[in-house]
Amino acid sequence: MHAYRTHTCGELKKQDVGAQVRVSGWVHRVRDHGGLLFIDVRDHYGLTQCVIEPENAEFAKAEAARAEWVVRVDGRVDARSGDTVNTNLPTGEVEVRIASLEVLSQAPELPLPVFGEPDYPEDIRLTYRFLDLRRETLHANIMKRADIIASIRRRMTDGGFFEFQTPILTASSPEGARDFLVPSRMHPGKFYALPQAPQQFKQLVMIAGFDRYFQIAPCFRDEDARADRSPGEFYQLDIEMSFVEQEDVFNAVEPVLRGLFEEFGGGHPVTQGFPRIPYWRSMRLYGCDKPDLRNPIEMSDASHHFRGSGFKIFASLLDKHDKGREWFDNAEVWAIPAKGGGSRAFCDRMNSWAQGEGQPGLGYIFFREGEGAGPIAKNLGETVTQQLRQELDLHDGDAVFFVAGVPKDFAEFAARARVKIGEDLELTATDRFEFCWIVDFPMFEWDEEEKKVEFSHNPFSMPQGGLEALETKDPLEILAWQYDIVCNGVELSSGAIRNHLPEIMNKAFEIAGYDRAVLEEKFGGMLRALTFGAPPHGGIAPGIDRIVMLLCGTENIREVTMFPMNQQAEDLLMGAPGEVSARQLRELHVRLNLPASEKE
RNA sequence: GGGGGUGUAGCUCAGUUUGGUUAGAGCGCUGGCCUGUCACGCCAGAGGCCGCGGGUUCGAGUCCCGUCACUCCCGCCA
């Protein structure tokens, strides 16, 4: 007989009745009836109820067993009588009649219980992560993550992609997030950096002729944490393809994500053809570039109704800012329709919410008995109010809210108002995955602080219109072959068709104010590669952690990460970051220069 | 770097508004009883620097100041 088990704890069924079996696992729960004692033995695969009576010589050992001890049980599989069958348990039709029980290892009183998994403080969960991981929900999340990654590998390989590894110790890159640095022992004063993403490597893989690359790639960025963002490290499904246009990338990636969400999304509907929404259209309809399309509300420009109208606040606002660039300098009034929000109570609640958000308020009209009500309607007049109502297809019992000002300043607030209205009125669906592509991102944007044009996303993206556009157009008008995938309001990934031509690269960096020497110094290797026959190529990099979060229905990344750090970027289980010995520092030619408060 | 929230038993929380006797409950833990439970049940018990430091007061879990920890957000995240 095997030293520890003939069956796992999730395996025994009715057809095993009568068999002599051996199972091993953790003591999940003990129920002591005095004359009868039940032990639920748990392993990765499930739970098996074991039972023993006081007449048994092994009873004392069984009685002493405590939660999370590891035990081995030998016994016979018995059928449970009709009224004692537990239908909640896959093994609930049988139980193991204990013949002998061995304690394989013990545990003291637990710092956090495994059974029942009540809420526990995160620092304790992280310090005792090995216990936390035994708990059903987290254990299942981690297994789901493993299944998702296996499925991704299968789908990518089936799609003709090859998985390659890229370096972990690499060079610091000039822009982007803060790097994690690793001092070099052999080169005093020099440092490696951990890659923020294998961006340049995957492009080099294309230039090297490997055609289709993917990797479950670790990425390292020394940035502060959020609930949905680990400090330090995360994973991307990194993808790059040669001889492709934007459409080819979409056709390769869309089925992978759709299939993944259909496989693991618990049967919730998944968008079939992902709609493509240009960046500026998304900003106008939703106020942001990662719209949650489960929310049906679309905003629209209602400025023409207010210009010169009796509602003086908006009318004068529109007058005052009516010269400069659209979006940046011109004032507008946006309408947010709210079907079913047509009561003074709801409108007032939204108004106080807006004030709590630091806004002066949130103007509204609500419709009842065939007419518009509220201060704005009064000042606007019945004719204009009815035009608005028809234009927005609103009826009695509906409302419309207004935000006014310069779009670049209020868009973010309008987006939050749209989300809140959708949720509060239960217009936003909850049981589906709504995907879209956001396309046509601007290549450059205006950096208000530095007073200069800056890359708005990836400096390696190909501008639409190529060199000619760079030479002839207003830089802020130029679009890039740059795209995002958004699901349920979560930005899952961004990608681009890359700039594979050195002269366009030079021009693009020139527009962003980097001279050729800087470009040469920072991206010399990349530039050199581009001069030796680079294929047109492009790719994308969906965030694995965020995909798993969506599929596990959690908003906290630590619920889908096996060994996460806390928000202060500490690993409480392993004790990282930690101090190192003087000898290690000497070898690395590093001397500490600690801030004053920590010197003592 | 900045802002908000929280901090009371091993854990989840009540008590703080309005300062006043011995700081409570549930879960967990320990012991006892219990032959069909599966969130077993019943009885008893242990367990508290009320985050820490200072202040106001006859008196502070409660009010004030500072500080620390955790958490959420902003900055940051090509």
Side-chain angles (χ1 to χ4, degrees), chain A residues 28-42 47-56 59 63-64 66-68 78 80-89 91-93 95 97 108-128 172-179 195-197 199-200 219-234 356-358 412 416 441 443-445 449 454-461 480 482 491 494-496 508-509 512 514 522-523 526 541 543 555-556 558 566-568 570 572 595 597:
Chain A
H28 189 62
R29 190 74 174 155
V30 179
R31 290 175 297 281
D32 185 353
H33 288 245
L36 187 68
L37 184 142
F38 299 99
I39 300 178
D40 291 337
V41 180
R42 183 196 73 240
L47 205 65
T48 294
Q49 172 168 288
C50 304
V51 60
I52 188 168
E53 278 123 1
E55 298 73 44
N56 193 310
F59 187 79
E63 206 178 20
R66 291 290 175 270
E68 298 308 304
D78 282 358
R80 298 205 205 175
S81 66
D83 54 336
T84 64
V85 164
N86 185 347
T87 50
N88 298 322
L89 222 53
T91 61
E93 287 191 294
E95 61 193 3
R97 181 76 39 175
E109 185 184 343
L110 302 173
L112 89 165
V114 173
F115 169 77
E117 48 180 329
D119 286 348
Y120 251 64
E122 211 155 64
D123 50 340
I124 292 177
R125 292 180 54 192
L126 294 179
T127 305
Y128 297 95
S172 176
S173 78
E175 24 53 68
R178 210 174 289 118
D179 283 317
Q196 297 187 17
Q199 178 63 35
Q200 292 191 60
C219 303
F220 305 91
R221 295 177 192 176
D222 187 2
E223 294 300 334
D224 290 346
R226 289 289 182 275
D228 64 349
R229 191 171 83 202
S230 286
E233 53 186 80
F234 60 95
E357 299 284 304
E412 187 254 349
R416 274 183 296 139
F441 278 85
M443 180 84 186
F444 301 100
E445 64 189 18
E449 286 190 8
E454 188 50 274
F455 288 111
S456 62
H457 280 77
N458 189 325
F460 301 121
S461 299
Q482 166 94 36
E491 181 192 321
S494 55
F509 274 81
Y514 299 93
K522 302 299 187 188
F523 301 106
M526 192 70 210
E555 297 191 346
N556 191 324
R558 292 184 286 274
N566 67 8
Q567 204 175 23
Q568 279 66 246
E570 298 164 311
L572 297 175
S597 58

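Note that the structure is a prediction, hence the values are computed from the model and not measured. Sequence lines set the chain letters: A, B, ... in the order given, protein chains first and strands last, and positions in each chain run from 1.
Rounded to whole Å, the P atom of B:G24 lies 23 Å from the corresponding atom of B:C29. Distance check on atom C1': B:G20 versus B:G10 gives 31 Å, rounded to whole Å. The gap from the P atom of B:C63 to that of B:U8 amounts to 15 Å, rounded to the nearest Å. Atom C1' of B:G61 sits at a distance of 16 Å from the matching atom of B:U21, rounded to the whole Å. Atom name P, nucleotides B:A44 and B:A39: the rounded distance is 25 Å, in whole Å. Taking atom P in both B:C27 and B:G41, the straight-line distance is 8 Å, to the nearest Å. On the P atoms, B:C68 is 29 Å away from B:U16, given to the nearest whole Å. With both ends at atom P, the span from B:A60 to B:G5 equals 26 Å, rounded to whole Å.
In this structure, A:Q196 does not reach the B:C77 phosphate: none of its side-chain N or O atoms is under 4.0 Å from OP1 or OP2. When the side-chain nitrogen and oxygen atoms of A:N556 are compared with OP1 and OP2 of B:C72, one or more of them lie within a distance under 4.0 Å. Contact between the side-chain N/O atoms of A:R66 and the OP1/OP2 oxygens of B:U30 is found at a separation under 4.0 Å. Between A:Q567 and B:A69 there is no side-chain polar atom (N or O) within less than 4.0 angstrom of OP1 or OP2. Contact check, A:Q49 against B:U37: no side-chain N or O comes under 4.0 Å of OP1 or OP2.
Using the Watson-Crick or G-U wobble rule with both distances under 3.5 Å, B:C70 pairs with B:G5. When both pairing distances are held under 3.5 Å, B:U22 makes no Watson-Crick or G-U pair with any nucleotide shown. Checking B:U62 for Watson-Crick or G-U wobble geometry (two distances, each under 3.5 Å) identifies no partner in any strand.
Atom CD in A:E63 sits about 8 Å away from atom P in B:G32, given to the nearest Å. Summarising the geometry, the separation between CZ on A:R226 and C1' on B:C77 is reported as 9 Å, rounded to the nearest angstrom. Computed from coordinates, the A:L37 CG to B:U35 P distance equals 12 Å when rounded to whole Å. To the nearest angstrom, P of B:A39 lies 7 Å from CZ of A:F115. As a whole-Å value, the separation of A:L36 CG from B:G36 C1' is 6 Å. Distance A:I124 CD1 to B:G28 C1': 13 Å, rounded to the nearest Å. For the pair A:D78 CG and B:U37 C1', the computed distance is 16 Å after rounding to whole Å. Between A:E223 atom CD and B:A78 atom P there is a gap of 8 Å when expressed in whole angstrom units.
Around atom OH of A:Y128, no more than 12 heavy atoms belonging to other residues, nucleotides or ligands sit under 6.0 Å away. Within a 6.0 Å sphere centred on CD of A:E555, other residues, nucleotides and ligands contribute 12 heavy atoms or fewer.
The base of B:G36 is not paired with the side chain of A:D83 by any donor and acceptor separated by under 3.5 Å. The base of B:C34 is not paired with the side chain of A:R31 by any donor and acceptor separated by under 3.5 Å. Side chain A:R29 to base B:U37: no donor-acceptor pair is found below 3.5 Å. A donor and an acceptor atom never sit less than 3.5 Å apart when one is taken from the side chain of A:E53 and the other from the base of B:G36. With hydrogens and angles left out, the side chain of A:R80 and the base of B:C38 share a donor-acceptor pair within 3.5 Å.
Using a 4.0 Å cut-off between charged side-chain N and carboxylate O, A:E109 and A:R66 make no salt bridge. Ion pair A:R31/A:D40 flagged as a salt bridge, since at least one NZ, NE, NH1 or NH2 atom sits closer than 4.0 Å to an Asp/Glu carboxylate oxygen.
Remark: side-chain polar atoms of A:R229 are paired, donor with acceptor, to backbone N or O of A:D224 under 3.5 angstrom. The main-chain N or O of A:V41 is never found under 3.5 Å from a side-chain atom of A:T48 such that the two would form a donor-acceptor pair.
The ring of A:H33 does not lie on top of the base of B:U37; it is either too far (5.5 Å or more) or too tilted (30° or more).
Closest of all the heavy-atom pairs between A:Y120 and A:R125 is O-CD, 3.4 Å.
A:R178 comes within 4.0 angstrom of nothing in the nucleic acid, heavy atoms only.
The side chain of A:E95 sits closest to B:U37 out of B:G28, B:C70, B:U37. With B:G36, B:C73, B:C11 as the choices, the nucleotide that has an atom nearest any side-chain atom of A:P121 turns out to be B:C11.
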